[in-house]
Amino acid sequence: MQGKTKVSITVRTRLLKEVERVAGDTSRSAIFDQALAHWLQERRQGQLEQDIESYYRSLSAGENAEDETWAQGGDDTVNRVWSEPKR
């Protein structure tokens, strides 16, 4: 079992009541744990997308042309495989 830390937070009363209404048997701790994990995953995904964008923006014209060549080769392969009759 992973370690856990007890925290105290303040949330809007209406929000908490609505969450509890739809939560069923799920505990507040489980709800907040899931919400924080989801929030963190979204932030990591956003950072990854920014890093990818920065990488592609940093490419030179020659590197962009090479990337396009590789992408077109992949597209050609996929199109050829998908158009082959199934065995």
Side-chain angles (χ1 to χ4, degrees):
M1 180 176 173
Q2 294 181 356
K4 297 208 175 205
T5 302
K6 187 170 186 161
V7 296
S8 175
I9 61 170
T10 303
V11 296
R12 296 185 313 262
T13 302
R14 283 186 179 180
L15 176 62
L16 184 60
K17 285 181 180 180
E18 182 68 12
V19 167
E20 288 176 335
R21 185 183 69 75
V22 299
D25 293 336
T26 307
S27 70
R28 284 181 178 175
S29 291
I31 292 167
F32 280 99
D33 194 70
Q34 291 170 14
L36 287 173
H38 180 74
W39 179 86
L40 185 57
Q41 180 182 358
E42 283 185 346
R43 294 310 177 274
R44 286 178 176 158
Q45 181 65 35
Q47 184 61 55
L48 177 60
E49 290 171 5
Q50 287 178 357
D51 292 347
I52 291 169
E53 180 180 349
S54 293
Y55 167 76
Y56 280 103
R57 288 183 182 275
S58 73
L59 294 179
S60 68
E63 290 168 324
N64 275 324
E66 181 181 0
D67 185 66
E68 181 61 33
T69 300
W70 279 104
Q72 185 61 52
D75 289 347
D76 293 345
T77 300
V78 168
N79 289 332
R80 186 179 69 253
V81 169
W82 284 356
S83 64
E84 290 176 357
K86 293 183 180 181
R87 298 177 191 189

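The shown structure was predicted, so the numbers you read here are calculated from the model rather than taken from an experiment.
With N79 contributing its side chain and D75 its backbone, the two residues share a donor-acceptor pair below 3.5 Å. Side-chain atoms of E63 come within 3.5 Å of backbone atoms of S60 as a donor-acceptor pair (strictly under, hydrogens ignored).
For the residue pair Q34/H38, the side-chain donor-acceptor check at 3.5 Å is not satisfied.
Hydrophobic clustering (side-chain heavy atoms under 4.5 Å, transitive across Ile, Leu, Val, Met, Phe, Trp, Tyr) groups L15 together with I31. Under the 4.5 Å side-chain contact rule for hydrophobic residues, L40 and L36 do not share a cluster.
Residues Y56 and D67 form a side-chain contact, since some pair of their non-hydrogen atoms from C-beta on lies under 4.5 Å apart. Side-chain contact between L59 and E66 is absent, with no heavy atoms from C-beta onward closer than 4.5 Å.
Salt bridge present: E18 and R21 bring a charged side-chain N and a carboxylate O closer than 4.0 Å.
For the side chain to side chain donor-acceptor pair (under 3.5 Å) criterion with Q45, the lone passing option out of Q47, E42, R43, E49 is E49. R28 pairs with exactly one of D33, V19, L16 by the side-chain contact (heavy atoms from CB on, under 4.5 Å) rule, that one being L16.
Atoms OG and NZ, on S29 and K6 in that order, are 8.0 Å from each other to the nearest 0.5 Å.
In terms of the salt bridge (charged side-chain N to carboxylate O under 4.0 Å, His left out) criterion, residue partners of E53 (sequence neighbours excluded) are, by chain and number, R57.
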